[in-house]
Undergrad: 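Take this structure first; my questions come after.
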Amino acid sequence: MIKNKKDEKDKIILNVEDLNVILGNERIIENLSFKVKKGEFLTIIGPNGSGKTTLLRALFGILPYEGKVEWRKNVKISYLPQRLSKKDFSYVPISIKEFFKFKNVLDEDILNMLNSVGLENSNNLLDMNPDELSGGQFQRMLVAWSLIDNPDVLLFDEPTTGIDIGGEKTIYELLYKFWKDRNLTILLITHDLNIVFAYSTNCLCLHKEKKCYGPPKEILTPERLQEIYGTKIKFYKHTH
Amino acid sequence: MQFILSVITVVFIGGIAGYLGSLMLTKRMALVAGPIGHLALPGVALALVYNFNIFFGALFSIGVGALIIWLFSLRSKIPMEALTAIVFASGVALGFLFLPLSHAEEALIGDVNQITMFDTVLTVFLSLTVFFVIKKIYNNLILSEISEELAANLNVDVKRYNLIYLVTIAVIAAMEVKIVGILLTAALVAIPAAISRNLSKNLNQYVYIAIFSGIISSIIGLFLSKITGIPTGPLIILTLFVFFLISLIFVKK
């Protein structure tokens, strides 16, 4: 029994207790506590302004907070922020290869990684500027950049903003594949309930404070969704 | 001998200004060297009156100016750029109170004929130091310019790097005063980088073309000055401007 408890504790990769984040005069996150186990695929949902992005930034350590955010020792985290756009890359003349080289990786690894996110090395891909890619290619390139130095944890903030629906699907399929193959822990903010049901092991519903937490199929009842989003959500559960 | 010292000095200052400028341009701070150069005037004036090295006068006065801007910013909600405008313009006005008029040209647009052996050695030493310091933080600053959040993935301490970066700008601006004067400091960092931005497709080319344009224009400006007798500073800047016009023809996407 004691051993079981210890095993359980060993699996915890992130422990959040009484987290409060105040920006300006507004309390964005209020007394939030939850635990994430290694290998979990956690989706974070909630209406606009519910503090999803703020939570991820606090977890990544780039926002001041009160309370406890405890990552397991030596855990390597990769954070992909929301709304990175090709425009951000247009002010600097930089090739995709140089962008990856910031992480001190080998050319060969860059090509392999880009291939595994579905970017073929045609038209001298490595010499292109990121802003020459299409929207979908650009997001995949960012996913590759996040993964290339073998992180343990991915913090992704709506990585499909600005991509058409077909492209969205492939990005998430890609994430799911990497999650399975590499034993990653993923914390993903998304608006897409299809993704929540299809891929995530757990879901955190946020509205300043924790509204619900658990496996999506158990906790995300139509009533709960209405409570979170404040309107009636028509959602038909697909069976995958 | 004087000419050789001048050549070495302008080559190093032109090169390092181009290098630092390439960073300043991507950070959209190319103009900052202007006010910083102007802040140097009271110190330069003092140096000319009491006959000590212009560089130290310039650096001292830039340091004091930056400190005053910072103190003002603690006390007032006025944006930093407006405070900078207030302080640097007042600095120029103050400088003119005791700037000997016979030396006005030297202070405003530089004078390479006043360069001593000591200046040259100091320039080479400081240029190399700044070069290696910036080289260490260059990539991280570029990444933080693309996205500070992405840069946080590499554990980049942006605040510390920005401080180092600002100190190097002050040092370079103070060095520039000797060859292009306080009026033209912004141009010597901004134009080589702008030329390079037009011509380069990646970061590597961008850095090299910026350094190269800074060096080659400084040499051409110096030789033109030798031939025509026109002051070197303006000729260096005009050479850069001509190169910039040419670069517009070959703009890379």
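Throughout, protein chains are lettered first and strands after them, A, B, ... in sequence-line order, and every chain is numbered starting at 1. The figures that follow rest on heavy atoms only: side chains count, while hydrogens, waters and symmetry mates do not.
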Undergrad: Please classify the contact of A/S90 with chain B as side chain, backbone, both or neither, using a heavy-atom distance under 4.5 Å.
TA: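 For A/S90, backbone heavy atoms alone lie under 4.5 Å from chain B.
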Undergrad: Need one label for B/L143: side chain, backbone, both or neither, based on atoms under 4.5 Å from any heavy atom in chain A.
TA: both
Undergrad: Between the main-chain N or O of B/G221 and the side-chain N or O of B/S225, is there a donor-acceptor pair closer than 3.5 Å?
TA: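 A pair under 3.5 Å: no.
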Undergrad: Less than 3.5 Å apart, any donor N or O on the side chain of B/S22 or B/Y138 sitting next to an acceptor on the other?
TA: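 Yes, because at least one side-chain N or O of B/S22 sits under 3.5 Å from a partner of the opposite role on B/Y138.
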Undergrad: Closest heavy-atom contact between A/V21 and A/A58?
TA: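 Closest heavy-atom pair between A/V21 and A/A58: CG2-CB, 4.0 Å.
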Undergrad: Counting only heavy atoms closer than 4.5 Å, note whether A/I94 contacts chain B via side chain, backbone, both or neither.
TA: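 It is both, since atoms from each part get that close.
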Undergrad: Let me know if B/N140 has heavy atoms under 4.5 Å from chain A in its side chain, its backbone, both or neither.
TA: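 Answer is neither: B/N140 stays 4.5 Å or more from chain A.
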Undergrad: Using 30° and 60° as the class limits, which term best fits the ring planes of A/Y176 and A/F41: parallel, tilted or perpendicular?
TA: tilted
